[in-house]
Amino acid sequence: MNCFRLDGLDDATALELLGDMIRIRVFEERCAELYADAKIRGFLHLYIGEEAVAAGVMSALTPDDNVLATYREHGHALLRGVPAESIMAEMFGKATGCSGGRGGSMHLFDAERRFYGGNAIVGGHLPLAVGLALADKMVGRTGVTACFFGEGAMAEGEFHEALNMAALWNLPVLFCCENNRYAMGTSLESSESQVDLAIKAAAYSMPAWAVDGMDPLEVARAARHATGMITAGSGPVFVEFQTYRFRAHSMFDPDLYRSTEEVDQWKQRDPIPALAEWLVEHGRADDIEIAARWEAARSETDRAAAAAEAGPLEPLEGLTDHVTAPARTPDRIGAGR
Amino acid sequence: MNCFRLDGLDDATALELLGDMIRIRVFEERCAELYADAKIRGFLHLYIGEEAVAAGVMSALTPDDNVLATYREHGHALLRGVPAESIMAEMFGKATGCSGGRGGSMHLFDAERRFYGGNAIVGGHLPLAVGLALADKMVGRTGVTACFFGEGAMAEGEFHEALNMAALWNLPVLFCCENNRYAMGTSLESSESQVDLAIKAAAYSMPAWAVDGMDPLEVARAARHATGMITAGSGPVFVEFQTYRFRAHSMFDPDLYRSTEEVDQWKQRDPIPALAEWLVEHGRADDIEIAARWEAARSETDRAAAAAEAGPLEPLEGLTDHVTAPARTPDRIGAGR
Amino acid sequence: MTQTIPLNAAGDDTTTIETTYRDAMRTAIRQAMLDDERVFVMGEDVADYGGTYAVTKGLHEEFGRDRVRNTPLSESGFVGAGIGAALGGMRPIVEIMTVNFSLLALDQIVNTAATLRYMSGGQFGVPLVIRMTTGAGRQLAAQHSHSLEAWYAHVPGLRVVAPTTIDDARWMLPTALADPDPVIIFEHNALYAKRGVLDSGRGPVDIERAAIRRAGDDVTLVASAGMVDKAVAASDQLAELGISAEVIDLRSLRPLDASTVQTSVERTHHAVVIDEGWRTAGLSAELSASITERCFWTLDAPVRRVAAAEVPIPYASHLEQHAIPQTDDIVDATTRLLETGR
Amino acid sequence: MTQTIPLNAAGDDTTTIETTYRDAMRTAIRQAMLDDERVFVMGEDVADYGGTYAVTKGLHEEFGRDRVRNTPLSESGFVGAGIGAALGGMRPIVEIMTVNFSLLALDQIVNTAATLRYMSGGQFGVPLVIRMTTGAGRQLAAQHSHSLEAWYAHVPGLRVVAPTTIDDARWMLPTALADPDPVIIFEHNALYAKRGVLDSGRGPVDIERAAIRRAGDDVTLVASAGMVDKAVAASDQLAELGISAEVIDLRSLRPLDASTVQTSVERTHHAVVIDEGWRTAGLSAELSASITERCFWTLDAPVRRVAAAEVPIPYASHLEQHAIPQTDDIVDATTRLLETGR
Ligand SMILES: Cc1ncc(C[n+]2csc(CCOP(=O)(O)OP(=O)(O)O)c2C)c(N)n1
Ligand SMILES: Cc1ncc(C[n+]2csc(CCOP(=O)(O)OP(=O)(O)O)c2C)c(N)n1
Ligand SMILES: [Mg+2]
Ligand SMILES: [Mg+2]
């Protein structure tokens with residue numbers, strides 16, 4: 001029973017959201033295979049099941065906005081416009097990767113697209129988001145700083161410090177909580193005394209509400225509403241997206257802490273087949289259009305994997321590059337004019 | 001206009017609370033003089049103006065309870081029963097001090113009285129309180145862990161982490177927020193997006209309310225109520241005591257950030273003369289009884305200062321004592337029986 | 001799969017069993033929990049998940065969730081709670097998933113655990129054990145690949161150990177738990193899967209002395225944690241070159257057993273010190289300085305340091321391997337050292 | 001009271017003025033804020049209170065509370081916000097009241113500020129300046145008396161400096177602000193009240209080279225932060241004993257200017273390294289190791305370390321003074337060293 005509502009969105013947007021989710025799904029399923037093939041190493045955290053969140057939120061952002069994400073960020077990078085080739089190359093550890101092979105899956109970066117990672121210390125990037133928004137506010141730039149994090153991060157002190165500062169200083173931050181109910185193997189109930197996360201966030205005096213994170217249209221509407229508020233000067237906004245990861249936490253996770261029934265139940269809410277079916281049922285898209293999205297995603301992923309494979313490794317002499325900048329800028333701040 | 005209410009407390013208790021406040025006041029005024037005389041050094045944070053809070057809360061605690069406080073803790077130590085002599089000797093840096101001269105004003109300790117400091121990292125002792133309460137709960141000890149901290153500490157990540165754990169694990173902690181409206185020179189309004197502190201605490205799903213911290217009877221009633229709840233199994237409780245410090249933050253503070261009018265206004269609410277007047281007016285105590293309290297406090301302080309002055313210094317060879325225990329205990333945990 | 005090692009009473013006839021470092025560590029924890037009700041385990045995902053490195057796997061089923069306690073993601077908070085519980089009479093084993101996240105808990109460790117006894121004039125001790133994984137080599141990139149043992153070794157009031165053998169994985173813990181002061185146990189990620197023979201009747205071992213893992217005459221290689229096995233491998237290669245290298249496993253990083261090292265260097269007249277951490281102001285600096293102070297007049301050449309390149313650890317495997325010390329680097333440094341000395 | 005130093009254009013005729021370290025530092029901040037709108041100050045009590053050590057006193061009146069921004073007590077949060085603001089194009093000066101509280105912000109500094117450029121393959125830099133007070137000596141006890149410069153000096157991706165003169169207090173800051181990477185400035189608490197002559201027309205100075213504060217021939221004393229003036233005082237006493245000691249002020253703790261030290265030691269054949277931090281794996285260890293590596297063959301005796309006793313710093317004055325290195329300790333170590341060498 002898929003009851004989506006367009007409610008302000010149009011057919012094209014809905015199809016776009018579906019296509020975006022498909023891009024992530026296809027890309028990440030390939031990542032899992034490439035991990036099995038030992039092409040990708042280190043930690044690999046898949047977003048499969050949660051695609052509606054990134055798709056919906058990203059659709060509400062403009063190129064002027066800043067984006068920060070966690071180590072589970074392939075989807076966010078992809079939808080932000082970071083080329084699939086450079087993401088895949090990064091995971092292959094190639095010099096052509098979007099972080100020059102130094103970052104890997106957890107540390108995708110793209111300055112041009114204001115994509116500030118790929119951050120692997122849980123909660124550690126929330127203060128950064130506050131600082132980026134502060135800089136924007138101080139120089140009078142418009143633009144929202146969207147910061148994604150898991151519900152597990154809400155127990156960290158950084159969450160608390162960041163939300164307080166953002167609200168206190170009325171900064172344009174969109175806090176996007178991806179509540180997939182588990183932090184590795186720790187359930188929300190065993191991590192938070194208050195499991196209604198919007199209540200926690202509202203205690204910082206900021207607008208906060210929860211949204212069905214398995215419904216990309218709901219997510220998109222909430223994100224538009226939130227960015228609208230922020231742009232109008234509301235200060236920070238917190239939205240909880242209720243979602244679920246279908247795969248294990250990472251490729252190392254034996255997934256012992258939840259039942260297959262629970263996982264299966266959530267899989268029935270998989271937004272990709274559901275939205276596809278609904279679009280077709282209601283005559284808003286046809287099978288051919290949808291098949292084309294899958295096809296495009298597959299060929300994008302194929303190209304990415306091929307390019308990654310072909311990409312060169314950074315030479316060993318490059319090891320010490322980028323520890324600091326090659327040369328100091330010639331600025332003479334505070335020297336007197 | 002002093003409108004105190006006994007409301008469940010008796011005359012003797014009210015007089016006791018007055019006497020307790022007087023003890024702190026007299027002791028600390030002497031400390032200020034001794035600082036000027038360079039007998040006491042380092043940081044010295046006076047509690048003058050806030051005595052009603054320690055007096056009221058301490059009156060509700062039993063010897064089985066644990067107490068943790070900040071660097072502004074002379075009053076708490078004194079009312080907990082730490083001898084004035086050993087507190088003063090500590091501030092003089094003498095071997096006879098309650099921390100052997102190693103701690104000073106900010107680090108008063110007394111194991112026998114379950115007085116766990118004297119902690120000088122803002123917010124740093126809140127997790128300790130959680131751990132002490134956890135230990136009590138695990139071994140089935142009854143007793144409440146009372147943890148005092150300033151409103152400034154509520155912005156620290158440790159506050160957030162500690163309150164969540166305490167509530168999540170239903171631990172017997174009484175969080176006593178001494179809201180004196182300033183953290184050094186930073187006002188509550190410029191530090192917290194939500195200035196109603198009970199709302200912040202309630203977001204962790206624990207009972208939380210605010211109390212007039214200039215009224216020792218109100219404080220005592222609130223503390224009794226809270227410890228009663230906790231002992232009955234409520235889990236942690238948060239109480240905000242609204243108070244004010246009459247002196248500067250420390251002896252180094254030029255006190256530039258608030259007006260003398262503001263300070264004077266609060267001084268009119270000084271609970272010591274107010275309660276004394278009220279007790280006499282209502283025939284609940286007489287001038288002689290009250291004068292005796294002042295006299296007792298003065299002679300206690302005199303004795304303390306004299307003993308501190310006379311106390312020996314730790315010999316230099318003692319410098320490295322107590323870095324670790326002198327010898328390992330003979331326990332053989334995990335060796336098999 | 002998880003192996004259950006039979007629990008032996010110390011002092012029983014020595015029985016040996018083949019097992020892994022991981023399982024030996026689990027046995028140590030399990031036995032401690034059986035022996036003493038005050039012992040409990042606390043940390044992120046120590047229960048259902050089984051611990052990030054599966055050390056505590058299954059223990060929550062045996063001991064329940066109170067004594068194998070999952071915490072929220074609150075490193076400073078739960079380390080502080082561990083300190084508090086130790087003050088309150090318990091003997092907590094706090095697991096910080098990895099040293100990387102311990103940065104969030106450093107205030108608690110340095111300003112409270114390490115200072116309370118001193119600041120209180122000896123009234124309060126903190127009998128707390130903190131376990132954490134350390135080291136690079138798994139392509140986890142800059143935020144997940146620290147080797148910060150040197151920072152901990154810097155702090156008075158702490159004891160710091162790094163078991164590298166199966167026996168030490170099993171038998172250092174009871175000694176650490178019996179210690180009245182905080183003990184930090186560093187477990188190098190590469191060691192968990194290490195197989196070997198456990199002397200399951202051995203009983204608690206000291207956590208203060210270094211151990212000679214290979215005897216030799218020409219040069220002393222001093223290593224710890226993940227570097228010990230590389231140093232042993234290097235000594236094998238050096239043997240083929242006709243160089244007899246003694247390998248010392250520090251075991252304890254604070255206090256450092258300088259006298260065992262000194263005795264060796266006074267005999268070999270040459271030392272190479274090896275650390276997976278960064279070079280500047282790292283453990284290798286301390287070793288170099290203290291060896292030189294003690295053996296200046298007997299050294300034939302300056303102590304050589306082999307340490308990580310001064311870079312955040314990169315993801316790409318070839319770069320990462322290049323950044324951290326390898327067996328070849330040790331061999332190379334040693335042969336050069338001996339050339340200098342001649 | 002607060003002194004206002006006239007702001008001079010670099011390159012103007014040199015004008016000297018007598019002032020304090022504190023006021024020179026304030027002038028540096030003020031000039032930077034006048035010069036560049038991107039520069040702002042953020043930290044606990046930098047506004048109304050004037051900064052714990054009165055360095056930023058009055059600046060909020062001139063520049064407003066947005067650019068002299070009081071923060072909540074949230075060290076990790078506001079340091080992280082400073083990193084974010086730097087990423088966003090600003091040039092923040094973040095004041096952490098003292099190094100003691102920086103323990104709460106270490107994750108942000110080590111895992112983000114120091115790694116972002118590397119992890120992003122050079123795309124993102126963090127042009128952030130963090131100022132903090134360091135050192136003991138004021139009877140503030142164990143939690144408020146750390147000297148953790150060694151920890152910061154250990155971390156690739158950071159620059160670490162410690163101005164000790166009035167000129168450096170004034171002129172290191174513009175260079176630090178111009179640096180595209182994070183710079184940590186350690187200000188020893190004992191220096192703020194130091195009076196001296198400021199060359200107010202000098203202009204920005206390098207923040208990479210050590211400086212010789214006293215020339216000498218018999219021994220090299222290497223010091224930084226609060227130890228430099230003690231080393232200079234020691235050199236005076238040593239002169240009376242007929243010993244000519246060269247005193248090197250490191251100025252930069254990362255990178256260390258090993259070559260300036262080497263040049264000196266190659267001439268004097270003797271080195272004493274002095275640090276207010278703990279000895280084990282401290283700055284003094286690094287100095288000893290690197291001097292020995294470079295000068296082994298010219299050293300007449302092993303490098304001597306003078307460092308803090310390995311204790312949490314006690315409150316009582318006589319104990320505290322005994323715990324941290326004093327001029328007499330330096331004199332003593334030096335005379336003993338020269339006796340050994342003979
Ligand atoms: C500070 C810190 N602690 C622990 C970890 C290890 N860790 C990595 S991801 C993770 C779970 C985070 O859960 P959540 O925030 O809900 O995000 P999710 O993975 O579910 O997307 C943990 C504990 C870490 N990276 N950083
Ligand atoms: C983590 C930390 N940051 C900063 C300081 C410096 N400091 C000492 S007391 C204080 C103000 C604390 O205010 P509050 O918590 O309201 O307590 P109060 O002093 O008002 O009793 C500050 C900032 C500290 N000791 N610890
Ligand atoms: Mg989650
Ligand atoms: Mg306050």
Side-chain angles (χ1 to χ4, degrees), chain A residues 121-128 130 133-134 137 149 151-173 175 177 183 186-210 234-238 240, chain B residues 121-128 130 133-134 137 149 151-173 175 177 183 186-210 234-238 240:
Chain A
I121 300 297
V122 171
H125 59 308
L126 275 74
L128 290 203
V130 170
L134 176 62
K137 185 170 175 170
F149 54 91
E151 87 297 339
M154 289 185 60
E156 294 280 5
E158 276 69 22
F159 169 83
H160 177 70
E161 299 186 358
L163 264 77
N164 181 44
M165 286 189 298
L168 182 67
W169 296 338
N170 206 46
L171 302 178
V173 185
F175 290 103
C177 175
T186 300
S187 67
L188 179 60
E189 292 70 32
S190 56
S191 165
E192 290 289 345
S193 59
Q194 170 56 270
V195 294
D196 186 335
L197 302 176
I199 290 183
K200 285 191 89 74
Y204 300 91
S205 294
M206 70 175 77
W209 68 93
S234 70
V237 171
F238 173 98
E240 172 196 348
Chain B
I121 299 298
V122 171
H125 60 306
L126 276 73
L128 291 203
V130 170
L134 176 63
K137 185 171 177 170
F149 54 91
E151 88 295 339
M154 290 185 60
E156 293 280 5
E158 276 68 23
F159 169 83
H160 177 71
E161 299 185 357
L163 266 77
N164 181 44
M165 287 189 299
L168 183 67
W169 297 337
N170 207 45
L171 301 178
V173 186
F175 290 104
C177 176
T186 300
S187 68
L188 179 60
E189 294 69 31
S190 56
S191 165
E192 290 289 345
S193 59
Q194 171 56 268
V195 294
D196 186 334
L197 302 175
I199 290 183
K200 287 191 87 77
Y204 300 92
S205 293
M206 71 175 76
W209 67 93
S234 70
V237 171
F238 173 98
E240 173 196 347

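Just so you know, these numbers use all the heavy atoms, side chains as well, and skip hydrogens, waters and symmetry mates. By convention in this document, chain letters (A, B, ...) are assigned in the order of the sequence lines, proteins followed by strands, and residues within each chain are numbered from 1.
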Sub-4.5 Å side-chain heavy-atom contact between B:Asn164 and A:Glu192
yes
Turns out that what part of B:Glu189 lies under 4.5 Å from chain A's heavy atoms comes down to backbone
Contacts of type side chain to side chain contact (heavy atoms under 4.5 Å, CB included), residue A:Ser191, not counting sequence neighbours
A:Ala155, A:Thr186, C:Pro72
For A:His160 and B:Glu158, indicate whether the former's side chain and the latter's backbone hold a donor-acceptor pair under 3.5 Å.
no
Is the backbone N or O of A:Ser205 less than 3.5 Å from a side-chain atom of B:Gln194, with the two atoms forming a donor-acceptor pair by type?
no
Nearest 0.5 Å please: distance from the CG atom of A:Leu168 over to the OG atom of B:Ser190.
7.0 Å
